[in-house]
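Since the model is a prediction, treat every value here as computed from it, not as a measurement.
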Amino acid sequence: MTEHCLDGQCLQRQLMMEALRDGRLTEERLDEAVTRILAMKAKVCAKLPYTEVTRETSADWHRECVEKSATLVKNLTPEWLPVTREHYDSIRLIVLGNDVIPGGTVSGIAKNVLESHGFATELYDPYQDELHGSGDLPTRRLTVYLANYEHASNQTTVRIEWCRKHALDTPRFLNEEPSVFISLANPYLLQDVPRVKVYINAYTATADSVRIVLEKLLGKGEFTGVSPVDAFCGLPDTRI
């Protein structure tokens with residue numbers, strides 16, 4: 001490392017190259033990081049006043065990134081998937097974090113996708129619910145958690161904030177009813193819901209991310225993504 005490089009970006013490049021040379025950083029890990037950066041640029045470019053061709057290309061690129069990166073991190077109950085009308089009559093949606101995303105709302109987009117495939121869909125409101133046991137749970141209902149918690153430059157640690165009314169939006173009946181937890185942005189949320197049976201990371205909260213991940217749940221595509229980070233957060237109970 002030279003003493004002449006005082007620029008922050010230049011220093012970062014030098015540190016990255018040193019790590020690449022001595023093996024601390026692999027080319028595969030570098031490619032994964034570049035893919036995430038390019039996906040974010042595609043998301044931003046879709047908002048800029050470029051030509052229609054550029055916008056369409058960026059949108060196609062983003063969809064391709066979502067298709068390839070969506071990761072089925074944990075699946076201890078493979079019999080719950082795919083989600084079909086043969087197994088479920090209705091789906092309950094529980095949205096955590098920010099519901100508003102580019103292109104609409106998480107709840108609205110998810111509801112439209114699921115209803116277009118014939119599922120009766122309920123948007124759960126914990127403030128309209130009361131504490132209860134598992135005796136009256138519907139036998140053919142799937143609960144889908146959609147969590148949108150994004151990092152920010154001044155908020156590097158992000159955890160789930162549960163409802164102030166008895167935390168009724170927590171995954172309470174994990175052994176009594178089928179449920180799927182989808183993190184749309186933060187890939188580390190499994191530490192807050194370690195006992196969920198099915199956990200998925202989508203990495204970027206966009207309308208296409210919601211649609212594509214749900215389509216994969218419905219059996220319209222395979223989950224081919226590989227976690228670029230330790231989604232289990234180094235915790236033994238996240239694997240149970």
[Y]/[X] salt bridge by N-O under 4.0 Å criterion:
{"X": "Arg141", "Y": "Glu177", "answer": "yes"}
{"X": "Glu18", "Y": "Arg13", "answer": "no"}
{"X": "Glu67", "Y": "Arg63", "answer": "no"}

Evaluate salt bridge (charged side-chain N to carboxylate O under 4.0 Å, His left out) for Glu130 paired with Lys165, printing each intermediate quantity in order. CA-CA 9 Å; Glu130 298 296 337; Lys165 182 181 178 181; 3.2 Å; yes
Any cation-pi pair here, Arg140 with Tyr88, using under 6.0 Å and within 45°? no
Could you pull out the closest heavy-atom pair between [X] and [Y], with the gap in Å?
{"X": "Tyr127", "Y": "Cys163", "answer": "CZ-SG, 3.6 Å"}
{"X": "Ile109", "Y": "Gly103", "answer": "CD1-O, 4.0 Å"}
{"X": "Gln191", "Y": "Thr238", "answer": "CA-CG2, 4.1 Å"}
{"X": "Pro187", "Y": "Asn201", "answer": "O-ND2, 3.1 Å"}
{"X": "Leu93", "Y": "Ser107", "answer": "CD1-O, 4.1 Å"}
{"X": "Trp162", "Y": "Ala167", "answer": "CB-CB, 3.9 Å"}

What is the distance from atom [atom1] of [X] to atom [atom2] of [Y], rounded to the nearest 0.5 Å?
{"X": "Glu161", "Y": "Tyr149", "atom1": "CD", "atom2": "OH", "value": "6.0 Å"}
{"X": "Leu25", "Y": "Leu20", "atom1": "CG", "atom2": "CG", "value": "5.0 Å"}
{"X": "Ile94", "Y": "Thr170", "atom1": "CD1", "atom2": "OG1", "value": "8.5 Å"}
{"X": "Thr204", "Y": "Leu184", "atom1": "OG1", "atom2": "CG", "value": "9.5 Å"}
{"X": "Met16", "Y": "Arg21", "atom1": "CE", "atom2": "CZ", "value": "10.0 Å"}
{"X": "Ile101", "Y": "Ser209", "atom1": "CD1", "atom2": "OG", "value": "7.5 Å"}

Would a hydrophobic clustering, with Ile, Leu, Val, Met, Phe, Trp and Tyr connected at side-chain separations under 4.5 Å, put [X] with [Y]?
{"X": "Tyr203", "Y": "Ile212", "result": "no"}
{"X": "Trp80", "Y": "Ile91", "result": "yes"}
{"X": "Leu214", "Y": "Leu81", "result": "yes"}
{"X": "Phe173", "Y": "Leu76", "result": "no"}
{"X": "Val196", "Y": "Val144", "result": "no"}

Do the side chains of [Y] and [X] get nearer than 4.5 Å, heavy atoms only?
{"X": "His132", "Y": "Arg172", "result": "yes"}
{"X": "Val73", "Y": "Ser227", "result": "yes"}
{"X": "Leu131", "Y": "Leu168", "result": "yes"}
{"X": "Val210", "Y": "Val113", "result": "no"}
{"X": "Thr71", "Y": "Phe223", "result": "no"}
{"X": "Ile200", "Y": "Lys216", "result": "no"}
{"X": "Val158", "Y": "Glu150", "result": "no"}
{"X": "Thr35", "Y": "Ile37", "result": "no"}

Can you tell me if Lys74 uses its side chain to pair, donor with acceptor, with the backbone of Ile240 under 3.5 Å?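 Here the side-chain-to-backbone pair exists.
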Has the side chain of Asn98 got a donor or acceptor atom that lies under 3.5 Å from a matching backbone atom of Asn148? no
Heavy-atom neighbours of Lys68 NZ exceed 12 at 6.0 Å: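 Incorrect, the count does not exceed 12.
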More than 12 heavy atoms of other groups within 6.0 Å of Glu79 CD: yes
Knowing that exactly one of Leu189, Val180, Asn75 qualifies, which makes a side-chain contact (heavy atoms from CB on, under 4.5 Å) with Tyr199? Leu189
Between Asp129 and Tyr124, does any side-chain donor sit less than 3.5 Å from a side-chain acceptor? yes
Full working for side chain to side chain contact (heavy atoms under 4.5 Å, CB included) between Ile182 and Tyr145: CA-CA 6 Å; Ile182 302 169; Tyr145 296 85; over 6 Å; no
Applying side chain to side chain contact (heavy atoms under 4.5 Å, CB included) to His117 and Glu215, what does each step give before you reach the verdict? CA-CA 10 Å; His117 286 83; Glu215 291 284 350; 3.3 Å; yes
Carefully, step by step, assess Glu32 and Ser69 under the rule side chain to side chain contact (heavy atoms under 4.5 Å, CB included). CA-CA 10 Å; Glu32 291 171 351; Ser69 64; over 6 Å; no
Val198 vs Phe181, side chain to side chain contact (heavy atoms under 4.5 Å, CB included): CA-CA, chis, key distance, verdict: CA-CA 6 Å; Val198 182; Phe181 193 99; over 6 Å; no
